[in-house]
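Ligands are counted one by one from 1 in listed order, and the atoms in each one are counted from 1 as well. Everything numeric here is computed off the predicted structure, so don't read it as measured data. For the single chain, residues carry numbers from 1 onward in sequence order.
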Amino acid sequence: MADFENKVIIITGASSGIGAGAAELLASKGAWLALVGRNVENLKTVADKCTPTYGAPEPLQIIADVTNEADVKRIVDTTIEKFQKINVLVNNAGILKSGSIETGTLEDYDTIMNVNCRSIFNLTKLCIPHLIATKGNIVNVSSVNGMRSFAGVLAYNMSKSALDQFTQCVALELADKTVRCNSVNPGVIVTNIHKNGGMNDAAYAAFLEHSKTTHALGRVGQTREVAETIAFLASERASFITGALIPCDGGRHAMCPR
Ligand code: NAI
């Protein structure tokens, strides 16, 4: 039996990057997907690549902004209406903006916290009764920035640290209901997030080059590598793992200046 045969999985931020990679991988393992994104065309492109396997239906495509409360309710309602259950929630949607305590704005702080934390609290809360019913699980896409401190990305780091607390607290709160909650904490992964966050092409190329020295394995990561970690945590193979923050970062979390 495939890992996710008959398992309904919601993935936010599925129209690009890590979310798209996770969608393709989980589809290949039998998942019944509810893909959430804001861009109709991009989401359709990803959905088209998610070839259903093991009798799964075509992926459900839900156009929604995770910071919009009505949209978030619709994510859950539409998924239940179509599939009648939820087995796994992958909280992947997130944004990155740079800014220090001196240069960051309160507006950016609110935007980052709304996407990276508040929306996750909201969506997870609405999914909980359904996850309890299936003894399902939650996988949060955090960051090495939640575990380690870096100058110049203050609000982002704070949001991912808060998400790590969320992961661990929710794991404890739902353990007696056999609902697991874990996070994957990626290092630098090649996606659009840095350019969307304001880096130009030259700065991004320099950042990737520099990242060879900040990751012990001497390279940045690929979306597939994070997707594999998400798939493991979401599967029964991780049945005794909850409240775990799993780095997928080429060893970056273990490094310090020397
Ligand atoms: P990405 O920019 O390709 O993906 C983020 C997705 O979230 C996009 O599809 C975007 O449209 C969606 N999103 C953002 N705001 C949204 C909103 N309000 N409503 C609905 N969707 C929204 O970037 P990537 O890298 O795939 O990011 C996925 C997650 O991985 C994020 O949580 C990010 O913080 C995390 N991460 C990424 C790292 C990297 O180096 N790429 C490193 C560590 C963590």
For this session: Would you mind telling me which of Ile63, Asn42, Thr45 makes a side chain to side chain contact (heavy atoms under 4.5 Å, CB included) with Ser15?
Result: Asn42
Exercise. Between Ser142 and Asn140, is any side-chain donor less than 3.5 angstrom from a side-chain acceptor?
Worked result: no
For this session: Decide, yes or no, whether a salt bridge links Lys73 with Glu69 under the criterion of side-chain N to carboxylate O below 4.0 Å.
Result: no
For this session: Output the set of protein residues with a heavy-atom contact under 4.0 Å to ligand 1, ordered first by chain identifier and then by residue number.
Result: Gly13, Ser15, Ser16, Gly17, Ile18, Arg38, Ala64, Asp65, Val66, Thr67, Asn92, Ala93, Gly94, Ile95, Val115, Val141, Ser142, Ser143, Tyr156, Lys160, Pro186, Gly187, Val188, Ile189, Thr191, Ile193, His194, Asn196
For this session: Begin from the C-alpha positions of Asn91 and Val139 and carry the test side chain to side chain contact (heavy atoms under 4.5 Å, CB included) through to its verdict.
Result: CA-CA 6 Å; Asn91 284 312; Val139 180; over 6 Å; no
Problem set entry | Note: Arg74-Asp71 ion pair, threshold 4.0 Å (strictly below) | yes
Problem set entry | Residues that Arg219 engages under side-chain hydrogen bond (donor to acceptor under 3.5 Å, both in side chains), provided they are two or more places apart | Glu225
